[in-house]
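Structure record follows, encoded as structure tokens.
Below, chain A is the first sequence line, B the second, and so on; all start at residue 1. Values below: every heavy atom of this structure, side chains too, minus hydrogens, waters and symmetry copies.
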Protein chains: 2
Amino acid sequence: MQTTLKKRETMHLLCAKGLEVFHAKGYHNTSLDDILKELSLSKGAFYHHFRSKEDFFINIIQNLIVQKVYALLIEPLNTHDNPLPIIAESLENALEPGKGNEMAYGFMLNDFLTEFNKRNTEISRYLKDILNVWEVNLVSVLKRGKVDGHIARHVDCEGVATYIIASYLGMRSLLMGSSNRQLKYQYIQQLKQYFKIIAEQAPVI
Amino acid sequence: MQTTLKKRETMHLLCAKGLEVFHAKGYHNTSLDDILKELSLSKGAFYHHFRSKEDFFINIIQNLIVQKVYALLIEPLNTHDNPLPIIAESLENALEPGKGNEMAYGFMLNDFLTEFNKRNTEISRYLKDILNVWEVNLVSVLKRGKVDGHIARHVDCEGVATYIIASYLGMRSLLMGSSNRQLKYQYIQQLKQYFKIIAEQAPVI
DNA sequence: AATAAAACCGACTCGGCGGTCGGTTTAAGC
DNA sequence: GCTTAAACCGACCGCCGAGTCGGTTTTATT
């Protein structure tokens with residue numbers, strides 16, 4: 001076995017468990033020992049692979065969180081169908097625990113954003129960057145929808161993207177881990193109502 | 001001077017400064033000494049008035065945060081006009097720093113909700129209760145709007161209230177202290193778009 | 001088998017912070 | 001002015017958790 005493989009394996013173990021526990025209990029409320037105990041690893045092992053707790057979390061963001069957001073929220077947008085149902089579906093899917101989304105982390109971006117806001121500007125920036133990428137992709141798919149005649153011409157695509165993101169982040173706050181089907185259903189329903197305004201109206205004959 | 005007056009005065013000083021600093025830096029990231037230093041008070045004074053840091057924060061919630069939410073988001077609903085513009089206005093107002101809202105705390109509920117979620121169930125409950133009161137009031141004013149003919153009959157008032165709250169909480173995450181006029185404007189615009197679906201359509205003649 | 005380097009161990013340090021407590025100041029009431 | 005209790009002070013305690021470091025085990029190479 002290559003040493004680099006062993007290294008990668010341990011680092012991945014640490015990152016995966018780290019994300020799980022950080023998301024369950026919050027970054028600042030989780031000690032390294034909490035994570036290490038679950039993996040039967042030592043402080044020494046940890047500091048052999050990571051420079052600090054902060055460095056560790058940045059690794060988690062770049063390897064795991066980014067990929068999750070891409071898989072759940074960005075890649076589904078790459079299609080040339082009507083974007084509105086696709087956006088709705090990706091959001092519904094991302095709120096659903098246990099699909100592409102095994103550990104019911106759901107979409108932890110909002111929790112971490114709030115936790116690090118005003119406390120760690122570097123980590124905040126990494127997290128905000130992810131949101132920005134999502135926003136850019138939403139805007140671009142909305143604009144394409146305009147060209148393709150699925151979305152009304154008067155629509156402010158940036159505004160719509162902002163509103164979608166805001167409502168989604170807020171839902172995460174409301175859901176709070178307790179996966180409440182009722183709330184989820186209400187959210188998706190209202191989102192679809194909102195999309196009616198955005199959609200190109202069938203021309204009156 | 002009554003001793004009870006002096007007591008109240010000091011407690012209020014502590015609570016006001018406490019809310020300010022907790023909101024600026026986060027509860028867990030703020031030490032009691034941070035607050036006490038700014039007021040030139042001592043640990044002894046603090047523990048003379050409050051049993052613990054947690055007890056202190058519960059005091060802040062019940063005295064200051066609850067009142068702020070009532071003043072900004074609930075009392076404005078008490079009118080018999082068309083509820084939709086009133087809701088939009090209250091939200092716009094609550095995002096605006098420096099109106100009824102001096103210290104740019106804005107609406108800190110979302111930050112604290114996320115910070116305490118899964119870490120302190122008692123405090124979480126207090127915060128969620130505030131959201132619930134807001135939701136109940138939104139629902140009731142929406143239902144009255146239906147009766148008064150301002151809101152379409154098909155509307156799911158609970159769903160709309162949920163969606164309004166979610167988008168508002170999410171906006172708070174996006175704004176992140178950095179009061180970005182552009183984002184705020186986009187949000188209010190899209191909210192008004194959304195309200196078009198909710199509103200009673202002028203009957204076609 | 002010998003060697004070296006990577007991986008890992010765990011006792012320790014050190015600072016921060018919530019909370020305590022004996023003592024001091026302030027001020028109300030007689 | 002004396003008493004008494006509330007208000008307040010600040011040194012101190014104890015715990016927790018990030019980070020350190022000298023030593024040990026595992027693994028790859030020759």
Side-chain angles (χ1 to χ4, degrees), chain A residues 1-61 112 115-116 118-123, chain B residues 1-61 112 115-116 118-123:
Chain A
M1 187 194 303
Q2 311 268 9
T3 64
T4 55
L5 275 187
K6 175 77 172 155
K7 183 181 177 71
R8 276 185 180 283
E9 187 185 317
T10 304
M11 286 177 79
H12 182 264
L13 268 178
L14 283 166
C15 286
K17 181 60 75 178
L19 178 56
E20 183 187 326
V21 184
F22 284 149
H23 184 247
K25 307 202 313 172
Y27 174 88
H28 293 93
N29 199 38
T30 300
S31 71
L32 293 180
D33 284 328
D34 289 342
I35 297 163
L36 294 167
K37 208 184 304 168
E38 289 209 42
L39 296 173
S40 300
L41 285 173
S42 65
K43 280 271 177 71
F46 179 87
Y47 281 93
H48 182 70
H49 295 296
F50 301 98
R51 289 206 310 280
S52 64
K53 189 184 181 189
E54 179 177 333
D55 176 59
F56 176 51
F57 191 68
I58 291 173
N59 246 275
I60 290 178
I61 293 175
F112 289 135
E115 181 165 2
F116 287 104
K118 296 173 197 156
R119 295 176 68 165
N120 186 316
T121 53
E122 190 183 357
I123 291 187
Chain B
M1 188 194 301
Q2 310 269 9
T3 64
T4 54
L5 276 188
K6 176 75 171 156
K7 182 180 177 72
R8 276 184 179 283
E9 187 186 318
T10 304
M11 287 176 79
H12 182 264
L13 268 178
L14 282 165
C15 287
K17 180 61 72 179
L19 178 55
E20 183 187 328
V21 183
F22 284 149
H23 184 248
K25 308 202 312 172
Y27 174 86
H28 294 92
N29 198 38
T30 299
S31 71
L32 293 180
D33 283 329
D34 290 342
I35 298 163
L36 293 167
K37 207 186 306 168
E38 289 210 42
L39 296 173
S40 300
L41 284 172
S42 65
K43 279 274 179 68
F46 179 88
Y47 280 93
H48 181 70
H49 295 297
F50 301 100
R51 288 205 311 279
S52 65
K53 190 185 180 188
E54 179 176 333
D55 175 59
F56 176 51
F57 191 68
I58 290 174
N59 246 275
I60 290 177
I61 294 174
F112 289 135
E115 181 165 2
F116 287 103
K118 295 173 199 156
R119 296 175 68 166
N120 186 315
T121 54
E122 189 183 0
I123 291 186

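- Atom pair Lys37(A):NZ and dC8(C):P shows a separation of 20 Å (rounding to whole Å applied).
- Whole-Å rounding puts the Asn120(B) CG to dG18(C) C1' distance at 15 Å.
- For the OP1/OP2 pair of dG17(D) and a distance below 4.0 Å, the side-chain nitrogens and oxygens of His28(A) include no atom meeting the criterion.
- Residue Ala45(B) places its side chain closer to dC9(D) than to any other of dC9(D), dC8(C), dA11(D).
- The side chain of Ser42(A) lies closest to dG10(C) when the candidates are dG19(C), dG10(C), dC9(D).
- Spacing between atom NZ of Lys43(A) and atom P of dC14(C) amounts to 15 Å, rounded to whole angstrom units.
- Distance NZ/Lys17(B) to CZ/Phe22(B): 12.5 Å, rounded to 0.5 Å.
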Phe116(B)/Tyr27(B) under ring-ring contact (aromatic ring centres under 6.0 Å, His included): CA gap, chis, key distance, verdict: CA-CA 9 Å; Phe116(B) 287 103; Tyr27(B) 174 86; 4.9 Å; yes
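- Taking CZ of Arg8(A) as the reference point, atom CG of Leu13(A) lies at 14.0 Å (rounded to 0.5 Å).
- The distance from atom CG of Leu36(B) to atom P of dA7(D) is 16 Å, rounded to the nearest whole Å.
- Distance, Arg51(A) CZ to dT20(D) P: 11 Å, rounded to whole Å.
- In this structure, the CG atom of Asn29(B) is 10 Å from the P atom of dG18(C), given to the nearest Å.
- Heavy atoms from other residues, nucleotides or ligands lying under 6.0 Å from NZ of Lys25(B) number more than 12.
- In this structure, CG of Leu32(B) is placed 20 Å from P of dC12(D), rounded to the nearest angstrom.
- Taking the side chain of Tyr47(B) as heavy atoms from C-beta on, and the options dG19(C), dA7(C), dC9(D), the nearest nucleotide is dG19(C).
- For Asp55(B) and dG18(C), the CG to P distance is 14 Å, given to the nearest whole Å.
- Note on His48(A): every side-chain N or O is 4.0 Å or more away from OP1 and OP2 of dC8(C).
- OP1 or OP2 of dC8(C) has at least one side-chain nitrogen or oxygen of Thr10(A) nearer than 4.0 Å.
- Comparing Asp33(A) and Gly44(A) against DNA chain D, the residue whose closest nucleotide sits nearer the 5' end is Asp33(A).
- Between the side chains of Asp55(A) and Ser52(A), no donor N or O sits under 3.5 Å from an acceptor N or O.
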